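Read the structure below first, then the notes.
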Amino acid sequence: MAMDSSSPSGTKTYVLKRPLPEAAPPALSRNYAEELNPQQLAAVEVVEGPALVIAGAGSGKTRTLVYRVARLIDLGIPPSSILLLTFTRKAAQEMLGRVGLLIGSRCEQVGGGTFHSVANILLRRFGRPVGLEPGFTILDRGDAEDLLSLLRGQLGLNDLGKRFPRKHTLAEMFSKTANTLDSLEDIVLNDYTHFSEFLGELNKLQQGYEAAKRQRQLVDYDDLLVKLRELLIQDQRAREIISQTYRYILVDEYQDTNRMQADLVRNLAATHHNVMVVGDDSQSIYAFRGATFRNIMEFPELFPGTIIYKLEENYRSTQPILRLANKLIEAAPEKYSKTLFTRNEQGPLPTVVQAVGENAQSRFIAQKILELREEGMPLDDIAVLFRSSFHAFDLELELTRRNLPFVKRGGFKFIETSHVKDVLAHMRVLHNPLDSVSWNRILLLLEGVGPKKAKDVIALMNQVPHPYDPLKQGTGKSASSLRHLAATLERVSEEPMPPAALMSEIMDYYLPVLKDHYDDYPKRIRDLEHLSVMAERYTELGDFLADLTLEPPNESVEDVVAMDRDDERLVLSTIHSAKGLEWQAVFVIWLVDGRFPSAYSFVTQEELEEERRLLYVAVTRAKRHLFLTYPINVYDKMTGAVLSKPSRFLDHIPTSYFETWNLIEEDQSYSWR
């Protein structure tokens, strides 16, 4: 009792109790300040409110995410209230595995996974308001394409002829409308203009596709996000329950999100704004997949009160490489300013290499790689990066000549692409009329010719002195196309032609075939134009075909086998496929205006800036050695221009930031056949 009336003088006393000691903050299981740099620590210590972490290349982005999840749990926050969204299931598993190494099994209840996997879980529990029963079936891409093909036939769209999009292209179109939140009309007119005449039919097919899925309780991959967004917008009760369940949301690689995913993040955090997104605006390079640079730039507008944290200490590259990377991205008109730095200050300057032509560029790269290998650098610690797969075609031939083993990522080796195989098959039968494998490929391209018909025609060819004669004897639906093929081959074989001239004639014949068989033919034409340029270095068809035959035809599509150290593989990769990876030495090729940046990017400032970010990603893959190479005086058949200017992205970089090498021949009389 506070009052005490037992005082002898009759005076009452009042006892002041000691205040209870404040509850001690929970003991943290890690010394976070010792294990993180100051910038990482600042981001990790965030608990409440929206936060944007701009994580420069090689700055420990994953480490920061992992430690933040661990610290939230250390503070007593229920693990089940934390949601970690990543772009692959593997990334989520690896991150949560690392959290477990830091704080033990307490992290097992953390929600982690891709946007799609989380959507699947939530829709099975809450999906009835948007028409989904818990037992709905998810269509994989192949199933979705088959359903589209079935509906296409039921709607009579097969009667429109071969030029109507195939099922794979239809699935891509409808997927892009879902992920960008754009209309089908906008997608077709911007990305598939050669199908714009079918816009009415495409709308009809899309409506039929949606109706068929509703009736059968089917959802495709994109529907998982579409339906979750629909649920969160339409059902307030479900939105509040889900948002209260996940009170702490973390999103990895936020610069790669599309409009749909950004809207989902906003709705998942409807009852709180405890959202931390981590990413790098300078590495936003996936617009072709529907990702938008605007998401990371507009995050502070989406979540007012956002605090921005920057991770700028790089643990990958030397300072000379970072200095060039910083200068490169400095010219971007819209960005979160940051300056990468490292404690690893020593290293060679990056090198800018000018070659007379494409083959000189390839020979330099092969020679330099051999030198690096002799100095003790393993081949698998060296990479050649390029903007487009066809940029590496000539280099692949050169590496094969030198017996340098390689693996190519992000696109087929050019000899494996179907359209290149088609053209080479025509040239091979001209060189060797007994090549039945090539004949079979050519004949199956023709309308009305199936495997049996092709087999019969090839059998007749082996029985007559003039192999083209059986082509003229065709009857039925295939007769016209067989005669046209015979006439073309007879005309071009009347007198010897150099490979480039022969290729030009074959291309004139093949172009309508290409358009009939491949919906993405504009892109494939670009590959074939490059193959034509390569043919110009040869005078004999046999030499050209022999150099293109990288592997025996019946062996598995494996990489060239090294004579020794056969566990090593040089990496050839598109820059998109190289993101997140690193090598001791990196070559970035074709840095010439019109190729990198691509001439197609000159149309809009947004596309040009994505090209700049693509180069930034390439540069920041290098740990110690960086070579930027370009050929000059290259004729581009698609644009009819001579490409002779180094990439405009190099214009504003001071020459003191790099060494410049000009290639000269050891023997000036050297000539390439």
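What you see is a predicted model; the values in this text were computed from it and never measured.
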Worksheet item: Can you find a heavy atom in the side chain of L443 that is under 4.5 Å from one in the side chain of L485?
Response: yes
Item to complete: For R491, look at atom CZ and say whether over 12 heavy atoms of other residues, nucleotides or ligands are found less than 6.0 Å away.
Response: yes
Discussion item. Using the ring centroid of each side chain, check whether H391 and F596 are separated by less than 6.0 Å.
Written reply: no
Worksheet item: Side-chain contact, heavy-atom cut-off 4.5 Å: R441 with D422?
Response: yes
Item to complete: Could you pull out the closest heavy-atom pair between S656 and R323, with the gap in Å?
Response: O-NH2, 3.3 Å
Item to complete: Establish, yes or no, whether the cationic atom of R63 lies under 6.0 Å from the six-membered ring centre of Y315 and within 45° of the ring axis.
Response: no
Worksheet item: Are V592 and I632 close enough, and set up right, to give a side chain to side chain contact (heavy atoms under 4.5 Å, CB included), and what steps lead you there?
Response: CA-CA 7 Å; V592 60; I632 58 172; 5.9 Å; no
Practice prompt. Please examine the side chains of V384 and I369, heavy atoms only from C-beta on, and report whether any two atoms are closer than 4.5 Å.
Written response: yes
Practice prompt. Write down the atom of I296, the atom of Y336, and the distance for their closest heavy-atom approach.
Written response: O-OH, 2.9 Å
Item to complete: Starting at CG of D252, measure out to OG1 of T86 and round the result to the nearest 0.5 Å.
Response: 6.5 Å
Worksheet item: Distance-only, no hydrogens or angles: does the T400 side chain make a donor-acceptor pair with backbone N or O of E396 under 3.5 Å?
Response: yes
Worksheet entry | Minimum heavy-atom distance between S282 and V617, given as atom pair plus value | O-CG2, 4.3 Å
Discussion item. For the CE atom of M427 and the CG atom of L430, what is their distance to the nearest 0.5 Å?
Written reply: 7.5 Å
Discussion item. Rounded at 0.5 Å granularity, tell me how far OG in S362 sits from CD in Q367.
Written reply: 12.5 Å
Worksheet item: What pairs of residues pass the salt bridge (charged side-chain N to carboxylate O under 4.0 Å, His left out) test when at least one of them lies in residues 599-609, not counting sequence neighbours?
Response: E609-R612
Worksheet item: Within a reach of under 6.0 Å around CD of Q346, are more than 12 heavy atoms found that belong to other residues, nucleotides or ligands?
Response: no
Practice prompt. Report the distance from atom NE2 of H466 to atom CD of E490, rounding to the nearest 0.5 Å.
Written response: 9.0 Å
Practice prompt. For the pair S175 (side chain) and A171 (backbone), establish whether a donor and an acceptor sit closer than 3.5 Å, ignoring hydrogens and angles.
Written response: no
Practice prompt. Supply the atom-to-atom distance I285 CD1 to Q255 CD, rounded to the nearest 0.5 angstrom.
Written response: 8.5 Å
Fill in: Residue that, paired with L626, satisfies side chain to side chain contact (heavy atoms under 4.5 Å, CB included) out of P348, P320, S317, P350
P350
Discussion item. Between L511 and I525, is there a side-chain heavy-atom distance shorter than 4.5 Å?
Written reply: yes
Practice prompt. Give a yes-or-no answer on whether the side chains of K310 and S59 include a donor-acceptor pair shorter than 3.5 Å.
Written response: no
Item to complete: May I ask you to decide if Q584's main-chain N or O and D381's side chain share a donor-acceptor pair within less than 3.5 Å?
Response: yes
Worksheet item: Side chains of R595 and F390: does their closest heavy-atom pair fall under 4.5 Å?
Response: yes
Worksheet item: So, for G290 and N258, which heavy atoms are closest and what is the spacing to 0.1 Å?
Response: O-CB, 3.2 Å
Fill in: Minimum side-chain heavy-atom gap Y630-Q354 below 4.5 Å
yes
Worksheet item: If you round to the nearest 0.5 Å, how far is CG of L395 from CH2 of W590?
Response: 12.0 Å
Worksheet item: According to the interplanar angle, ranging from 0 to 90°, do the rings of W439 and Y468 count as parallel (below 30°), tilted (30 to 60°) or perpendicular (above 60°)?
Response: perpendicular
Worksheet item: Which pair of heavy atoms, one from Q605 and one from P333, lies closest together, and at what distance?
Response: NE2-CG, 4.2 Å
Discussion item. Pairing donors with acceptors under 3.5 angstrom, does anything connect the side chains of T574 and S577?
Written reply: yes
Practice prompt. Would you please classify the geometry between the F627 ring and the H625 ring as parallel, tilted or perpendicular, with 30° and 60° separating the classes?
Written response: parallel
Discussion item. Taking salt bridge (Lys or Arg N to Asp or Glu O under 4.0 Å) as the definition, give me every residue that meets it alongside E610, ordered by chain and number, with sequence neighbours left out.
Written reply: R613
Item to complete: Please confirm whether the backbone N or O of L514 pairs with a side-chain atom of H419, one donor and one acceptor, at under 3.5 Å?
Response: no
Fill in: Side chain proximity check, M461 to P433, heavy atoms < 4.5 angstrom
no
Practice prompt. Name all pairs fulfilling the ring-ring contact (aromatic ring centres under 6.0 Å, His included) condition that reach into residues 487-516, sequence neighbours left out, sorted by first residue then second.
Written response: H426-Y509, H484-Y509
Item to complete: Indicate yes or no: at least one non-hydrogen side-chain atom of L650 is less than 4.5 angstrom from one of F658.
Response: no
Worksheet item: How would you list, by chain and number, every residue that makes a salt bridge (Lys or Arg N to Asp or Glu O under 4.0 Å) with E334, sequence neighbours excluded?
Response: R294
Fill in: From CA spacing to verdict: side chain to side chain contact (heavy atoms under 4.5 Å, CB included), L531, M507
CA-CA 11 Å; L531 183 65; M507 280 290 292; over 6 Å; no
Discussion item. Working note: F288 + D191, criterion side chain to side chain contact (heavy atoms under 4.5 Å, CB included); need CA distance, chi angles, decisive distance, verdict.
Written reply: CA-CA 10 Å; F288 69 97; D191 301 327; over 6 Å; no
Discussion item. When you measure from the side chain of N314 to the backbone of T342, do you find a donor-acceptor pair of N or O atoms at a distance under 3.5 Å?
Written reply: no
Fill in: Residue pair R363, E665: steps toward the salt bridge (Lys or Arg N to Asp or Glu O under 4.0 Å) verdict
CA-CA 11 Å; R363 286 163 48 220; E665 300 291 352; 2.7 Å; yes
Item to complete: Could you note down all residue pairs passing salt bridge (charged side-chain N to carboxylate O under 4.0 Å, His left out) where residues 336-347 supplies at least one of them, sequence neighbours left out?
Response: D280-K338, D281-K338, E313-R343
Worksheet item: Can you name the closest pair of heavy atoms from Y657 and L349 and give their distance?
Response: O-CD2, 3.8 Å
Worksheet item: Distance-only, no hydrogens or angles: does the N326 side chain make a donor-acceptor pair with backbone N or O of L322 under 3.5 Å?
Response: yes
Worksheet item: Between L324 and I653, does a side chain to side chain contact (heavy atoms under 4.5 Å, CB included) hold up when you go through it step by step?
Response: CA-CA 7 Å; L324 187 145; I653 299 178; 4.2 Å; yes
Item to complete: Going by the side chain to side chain contact (heavy atoms under 4.5 Å, CB included) test, name the single residue among L615, V619, L385 that passes it with I575.
Response: L385
Worksheet item: Tell me the salt bridge (charged side-chain N to carboxylate O under 4.0 Å, His left out) pairs involving residues 579-592, sequence neighbours left out?
Response: E253-K579, D256-K579, R316-E582, E582-K623
